[in-house]
There are 2 protein chains.
Amino acid sequence: MTQQDALTPRATISDVALLAGVATSTVSRALSNPGRVQGATRKRVELAAAELNYLPNPLAKSLRMGRTGVVALLIPDVTNPFYFDMVRGNQAQLRASGCFQLLCDTDESPEVEMQVLQRLGKTADGAILGATRLSDEQVLEVAGSMPLVIINRTVGQVPSVVIDTSSTMSQAVEHLYSLGHRHIAYISGPATSSSAASRWDAIETAGRRLDVDVTKIGPFTPTEMSGAAAADATLNSGATACIAFNDLVAIGMLRRFSARGICVPTDISVVGCDDIFGADFCNPPLTTMTSPTQQAARIATMMLTDQLQPEGARYARTRATLPTHLTIRGSTGPAQISSE
Amino acid sequence: MTQQDALTPRATISDVALLAGVATSTVSRALSNPGRVQGATRKRVELAAAELNYLPNPLAKSLRMGRTGVVALLIPDVTNPFYFDMVRGNQAQLRASGCFQLLCDTDESPEVEMQVLQRLGKTADGAILGATRLSDEQVLEVAGSMPLVIINRTVGQVPSVVIDTSSTMSQAVEHLYSLGHRHIAYISGPATSSSAASRWDAIETAGRRLDVDVTKIGPFTPTEMSGAAAADATLNSGATACIAFNDLVAIGMLRRFSARGICVPTDISVVGCDDIFGADFCNPPLTTMTSPTQQAARIATMMLTDQLQPEGARYARTRATLPTHLTIRGSTGPAQISSE
DNA sequence: TTGAAAGCGCTAACAG
DNA sequence: CTGTTAGCGCTTTCAA
């Protein structure tokens, strides 16, 4: 006993067979297809298995069967609240179909993501890319070698579910407009993010339509820390309201404004994106865009498990679009109302 | 083409062998032990492998080798900010030793946790229990069949790293005492949590020493939602300050106090536990206990990878204790100072 | 330096 | 209903 108790070597199927006095194939059947073996023999096998504390080796099983029952979910940053509901949605849906969730953090890096995907190989039956940082080419390459569903991006024929933010972005502009704002700044996110681009499009279009001045500032990394720089830049731009790429920077901005003695929403209005954990209890509570990420993940998961079905039973849905909505709170408006 | 492009079947090692005109064993050597094969042959193998886009099947490899290079991290709830730094710390340390992180959410359930652990089987070389909900017996049972390190709990000889909160809990009581409080409530967490018990012990002891009245309220589930009930109960108890089992309930309490028109910290002081994401920008910012979870996870990870080493090279550290500290913010104090 | 062959633990024909 | 056998893809003796 070196440091911990010596690990008892795992019993294999042939240990069980030996103890039960049957062939390994019988053990296999008795355990996974109880109907196809006699009651008495099955009993003996079950007893032997229990006695030896037998648990099948999933590696061997998967190697043989060509299926693992595992689905991978790749997330750029599992600690980013935006992805929480994706994790949850995927998990719930997976549990429902008896699959195992393999959660992978890709550290916001395309390299790591690709690496993970390659290493995954046959370890998982398929993967869901929660917010891929890969190039279209890379996505296609991967999609050629394993079942894939991507969220918030469309590339080629790869099954995907996207959350459409553009109409809500227009709503946000209208909301700000109705409050009297005529100059709005958009705090942009990473250039690699495809959703960042479409958000800006929607804002610009809405701005033109309403004759509101819109300026794009950034790009900034989507973190709370970037908020300070973003806040200062916004002030410089002369805008009286801003829409941030995500809640993290929006919250960072709130803090910076407060530190500089600027009052939100009296002096400036702030709109975030994502409605993350914390958006409702920061000060003031953040007006933000709420995405149905949980539902998106559920649908994506269904699409994937569907691909894993035998050809016939397929659902054949390979594309879905979900709308967002605006959640109005204290960070926009004429002045914060302190009721409730 | 049914719905997506047909997946190209993965090339195996024998495909490569065939194309390169060598035996499979040579391919294996050329790829994983380049030194032990002639330059020319290696070249040919590498070319063939590249041509076929060959990637080794990790399942087969692991089955043969008996090692997977994968370490599992089990977390009761990956969306609970308290665990963020564990995930990060484990990930960083794992990457450093070339291992793959298998992140598992156990949904706060002992059943799921056990199930995951069994299913894991030989899929992972070992596991780290971030905050197990298992009974001592169950932990021991698992520890007998796979390398394990547990965080924030000690059971038998199982390697573990615990974060010691008790001295900081005393500090919290002293802090509150020095602000003039003479009646403090402790909002307790789930009965199953072993750390909850030791926190209460420390508080009670400190209370006796300083002649401060301490009452235990609860237990409450450690969520934001429980905050309302906890806040009301605290008010009823007549305490002028409270220490919450964790930040989530503390934040919930803050909201409830605000809703009831009670001013923090003027009317009542609130201390949280964990210093989660959000604790600094809630309103008012929360005084809380900060845990070195990232460091704990790193150490736990080292302990585990250490167990996986050949007998000789071991570090032989099987137990560690880390201290917490108090982070004082606006939710305690005579009155909130609005500088900075 | 390389090839042939065995085997990791399991399941799926195919006989019996 | 059950045993025998082959083989999933890989590494590793053991010979050559």
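Everything quoted here is computed from the prediction, not taken from an experiment. Because only heavy atoms are used, hydrogens play no part in the values below, and waters and symmetry mates are left out as well, while side chains stay in. We name chains A, B, ... by the order of the sequence lines, and we start the count at 1 in each one.
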Subject >> Selected nucleotide, minimal atom distance to A:Ile13 side chain, candidates C:dG3, C:dT1, C:dC10 >> reply: C:dC10
Original post:
Does the side chain of A:Thr79 pick up a donor-acceptor pair with the side chain of A:Asp77 at under 3.5 Å?
Top reply: yes
Subject >> Which nucleotide in D:dT4, C:dG3, C:dC10 has an atom nearest any side-chain atom of A:Ala23 >> reply: D:dT4
Original post:
Is any side-chain nitrogen or oxygen of A:Thr12 closer than 4.0 Å to OP1 or OP2 of C:dG9?
Top reply: no
Original post:
Using a distance-only test with no angle check, is there a side-chain donor-acceptor pair under 3.5 angstrom linking A:Arg88 and A:Gln91?
Top reply: yes
Original post:
Atom CG of B:Asp15 and atom P of D:dG9: how far apart are they, to the nearest Å?
Top reply: 8 Å
Subject >> base_contact_polar (D:dT4 base, A:Ser25 side chain, donor-acceptor, <3.5 Å) >> reply: yes
Original post:
How close or far is atom P of C:dA12 from atom CZ of A:Arg67, stated in whole angstroms?
Top reply: 12 Å
Original post:
For the side chain of B:Arg29 and the base of C:dG3, is some donor closer than 3.5 Å to an acceptor across the two?
Top reply: yes
Original post:
Could you give the CZ-to-P distance, from B:Arg44 to C:dT1, as a whole number of Å?
Top reply: 15 Å
**OP:** With DNA chain C as reference, determine whether B:Arg36 or B:Leu63 sits nearer its 5' end, using the nearest nucleotide of each.
**Re:** B:Arg36
Original post:
In terms of the nearest nucleotide of DNA chain C, which residue is placed more toward the 5' end: A:Ala60 or A:Met65?
Top reply: A:Ala60
Subject >> Distance-only donor-acceptor test (3.5 Å): side chain A:Arg10, base C:dG9 >> reply: no
Original post:
Rounded to whole angstrom units, what separation is found between the CG atom of B:Leu59 and the P atom of D:dT11?
Top reply: 13 Å
Original post:
Would you say A:Thr26 reaches D:dG3's phosphate, i.e. side-chain N/O to OP1/OP2 under 4.0 Å?
Top reply: yes
Original post:
Does B:Thr12 reach the side chain of B:Asn57, with side-chain heavy atoms less than 4.5 Å apart?
Top reply: no
Original post:
Should A:Glu113 and A:Thr132 be marked as a side chain to side chain donor-acceptor pair (under 3.5 Å) after you check the CA-CA gap, both sets of side-chain angles, and the distance that decides it?
Top reply: CA-CA 8 Å; A:Glu113 188 172 350; A:Thr132 184; 2.6 Å; yes
Original post:
Rounded to the nearest Å, what distance is computed from the CG atom of residue A:Leu31 to the P atom of nucleotide C:dC10?
Top reply: 10 Å
Original post:
B:Thr41 near the nucleic acid: base, sugar-phosphate alone, or nothing, with a heavy-atom cut-off under 4.0 Å?
Top reply: sugar-phosphate
**OP:** Decide yes or no for A:Ile75 and A:Asp105: does some side-chain heavy atom of the first lie under 4.5 Å from some side-chain heavy atom of the second?
**Re:** no
Original post:
Could you state the CD-P distance from B:Gln38 to C:dG3, rounded to the nearest angstrom?
Top reply: 11 Å
**OP:** Among the candidates D:dG3, D:dG9, C:dG9, find the nucleotide nearest to the side-chain atoms of B:Arg64.
**Re:** D:dG9
Original post:
Between atom NZ in B:Lys122 and atom P in C:dC10, what is the gap in whole Å?
Top reply: 12 Å
Original post:
Which whole-number value in Å describes the distance from A:Leu55 CG to C:dC10 P?
Top reply: 10 Å
